[in-house]
Amino acid sequence: ALSIALVFLTNIPGSMALGLAVFCWICAQPRDRLRGAWLVAATASALAYGVACFGVPPSSMFRVGANVGDMHRGFSNSLHYGPLPLVAVLGAVAAAGFVLARTRLPLTVRFAVLFGALTGAMAATARSETFELLPQVGRLHLEFEMGACLLLGCAIWALYTLFPRRTRPVLLAICLGSLFIQWRHYRWRAQFDIPRADLEKRSEYASARWLDANLHGGRVYVTGSTAFWLNAFTTTPQLIGCCDQGQSMPVLNEVPYKVNIAVSPAITEEGINWLRALGVQAMVVNGPTSTDEYKDIRAPERFDGVLPLLHRENGDSIYSVLPLGSSLAHVVRPEELVPHHARGNFAYADIRKYALATVDAARPAAAFQWRGGGKARIRANLRPEEAVSVQVAWFPGWKATVRGTPVSVVPDGMGFMVIQPHCRGDCEIDLAWTGRGDLPLSAAVSLATLALLGFLSFKRRECDAPQTRD
C-alpha cells in the first residue's frame, strides 16, 4: 500500500502503468486464487489512497479527471465509442490470462506475457492526436520493455537449467557478454543526455536570473523548457508553467493558440491583450539561437517594435507586456468583467474590454500586497457599485473581509476573483486563503490510514514472533 501511494503521489503515468500491472497480475492468477487476488489488490489500493489522500484530495482527483479531455485529444476520440475499445482490450487480456492459467507456465511468465502484450499493444497503437486507449499511453514503451525483459530472463533461466552443469558457465558467459554490450549502449546514452551544463550559456538560466533580479515577483509568460526550469532558478511566478493535469482555469488553454502559433499582426495584438487581461508583466520569447529545447513561439521577431524590449541574452528576448510593478488588483465596473460562458468559449471582445479596464489610468488604482502565508491586502478608493477584480485564481477557500466583516468573493468568467466590498471612499480589503474544504477530512483520512497500517504491521510482527513454551 505504501509503495502504491508513493507512485500515485509522484507520477501520474506511472500510476496508470502500475494499475495495468496489477490488473495483469490478477489475470495471471490460477482460477482458485482470483477472488483473493482481487481482494488483495482492492484492499492495497484503498489503503494506498488513504495514505495519499492529504496529498491528492478528492477535489484534485476531480480536477485532473476533468482535464483529461482537453489534454488528450486521442483519448477523447477513443471515447466517442464509449469505453468499449478499452473494455475489449482488457477483456482480451483477462481471457488470455484464463487460458494461460490452465498451462504449466509459472506465474512470473504468465504475468510477463500479459503485461508485455498489453503495454506493447497500447503503446504501438497510440496516436496522441487521433486515438489512445488511455491518456499518454504512448509512454508505456518502457513498461513493454519491462515485460519483455522479464520474459526473456525467465526463458534464459529455463534454458540454463536444461544445460548440463559443465556447460552452464559457457551459457552464463554468453548472457553476461550481451549484458555488457547493452551496458555500454546505456552508458553512451547517459553520457550523451546528461553532460555537465554550463549554466551561464543556457538561455533558461540567464532569463530566469534576469527575471529574478528585475521583475520583483511580477507575473511572466514563458514556454518550453524555459517554463520547465524557471522556478528551479527563481521564485518569479509564471502564468501557466507545468503541468496541464492540474489546470484549474480553462482560459489558460487559449493562450498558447493566441500567443505562440498565430503570426499575423492582428492576432499578435490580440494575444498581447490576452496576456494583459491575465496580469502578465513580461514575456520571454525564445529566438533561433536560444538553448530552449522547444521554441514554442513562432516568428519571434514579430514582437520587436510591438512590445518594449527589456533584455536580450543567449537568444532569449524579454518583452514588457504591462509596466513593471503593475498591481494584480483593479477597480472595475460589473459590466467590464468577463462573463461566464460554456467551457472554452471566450469572446475576444470581452477579454479586450476587461484588459482595457485594467490599464485605464483614469480610474483609481488598487494597491495589492502579498503578506505571506496565503494572505494579501488590497487598498483602493471605491464607490459602492464598483468591484475589485483580483488576477489570482479563485477557489472556494478564498475569504475576504473589510474591517473584519466578510464580503463576497466569486469567480469571473476567466476564473479570477471578484470582490464586492460595497465601500465608499478609502477601502482596505484583507484576503486570506483558508484551504480547500476537503483538506481537513483528507488529512484525517491519511493520519487514520497510517495509524491503521502501523497497527497492522505491529500485529503481524507479533504473530510472526516465535512462540515459546513454559
Look at the side chain of [X] and the backbone N and O of [Y], then say whether any donor-acceptor pair between them is shorter than 3.5 Å.
X: T434; Y: G397; result: yes
X: T10; Y: L6; result: yes
X: T268; Y: S264; result: yes
X: S225; Y: E293; result: yes
X: N286; Y: S290; result: no
X: S320; Y: P308; result: no
X: T125; Y: A121; result: yes

Closest heavy-atom pair and its distance - [X], [Y]:
X: E143; Y: F115; answer: O-CE2, 3.4 Å
X: K399; Y: V409; answer: C-CG2, 4.3 Å
X: G279; Y: L328; answer: O-CD2, 4.3 Å
X: E336; Y: V332; answer: OE1-CA, 3.6 Å

Tell me yes or no: between the side chains of [X] and [Y], is some donor less than 3.5 Å from an acceptor?
X: D350; Y: H341; result: yes
X: S389; Y: Y354; result: yes
X: N260; Y: D296; result: no
X: T234; Y: D212; result: yes

Which atom pairs, one a donor and one an acceptor, fall under 3.5 Å between side chains of residues 24-53 and the rest of the protein, sequence neighbours left out?
from, atom 1, to, atom 2, distance (Å)
Q29, NE2, W25, O, 3.2
T43, OG1, L39, O, 2.8
S45, OG, A41, O, 2.8
Y49, OH, V56, O, 2.9

Rounded to the nearest 0.5 Å, how far apart are [atom1] of [X] and [atom2] of [Y]?
X: R209; Y: E200; atom1: CZ; atom2: CD; result: 9.5 Å
X: M417; Y: D412; atom1: CE; atom2: CG; result: 10.5 Å
X: L151; Y: R110; atom1: CG; atom2: CZ; result: 13.0 Å
X: S442; Y: R436; atom1: OG; atom2: CZ; result: 9.5 Å
X: L322; Y: I272; atom1: CG; atom2: CD1; result: 10.5 Å
X: M283; Y: L239; atom1: CE; atom2: CG; result: 10.5 Å

What pairs meet the side-chain hydrogen bond (donor to acceptor under 3.5 Å, both in side chains) rule with one or both residues in residues 444-454, with sequence neighbours excluded? none

Where at least one partner belongs to residues 269-281, residue pairs that pass side-chain hydrogen bond (donor to acceptor under 3.5 Å, both in side chains), sequence neighbours excluded: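 Qualifying pairs, neighbours excluded: K258-E270, N273-Y348.
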
List the atom pairs, with distances to 0.1 Å, where a side-chain N or O of residues 96-105 and a protein N or O form a donor-acceptor pair under 3.5 Å, not counting sequence neighbours.
from, atom 1, to, atom 2, distance (Å)
T103, OG1, L100, O, 2.5
T103, OG1, L105, N, 3.4

Residues at least two apart in sequence or cross-chain that pass salt bridge (Lys or Arg N to Asp or Glu O under 4.0 Å) with E204, listed by chain then number, are R202

Please list, one pair per line, the donor and acceptor atoms closer than 3.5 Å that link side chains of residues 83-90 to other protein atoms, with sequence neighbours excluded.
none

Please set out all donor-acceptor pairs under 3.5 angstrom arising from side-chain atoms of residues 190-197, sequence neighbours excluded.
from, atom 1, to, atom 2, distance (Å)
D193, OD1, R189, NE, 3.4
D193, OD1, R189, NH2, 3.2
D193, OD2, R189, NE, 2.9

Who passes ring pair (Phe, Tyr, Trp, His ring centres under 6.0 Å) against [X], sequence neighbours left out?
X: W394; result: none
X: Y160; result: W157
X: Y221; result: none
X: F180; result: W183

For D304, check side-chain contact (heavy atoms from CB on, under 4.5 Å) against everything at least two apart and list the hits.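 By the side-chain contact (heavy atoms from CB on, under 4.5 Å) rule, D304 matches E301, R312, Y319.
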
Might you confirm whether atom CZ of R302 has over 12 heavy atoms from other residues, nucleotides or ligands at distances under 6.0 Å? yes

Just do the side-chain contact (heavy atoms from CB on, under 4.5 Å) check on Q391 and H330 with the steps written out, would you? CA-CA 8 Å; Q391 293 166 318; H330 306 279; 3.0 Å; yes

Working note: F416 + L278, criterion side-chain contact (heavy atoms from CB on, under 4.5 Å); need CA distance, chi angles, decisive distance, verdict. CA-CA 9 Å; F416 284 147; L278 293 167; 3.8 Å; yes

Verify side-chain hydrogen bond (donor to acceptor under 3.5 Å, both in side chains) between S207 and D316, making sure each step is shown before the conclusion. CA-CA 7 Å; S207 294; D316 279 0; 2.9 Å; yes

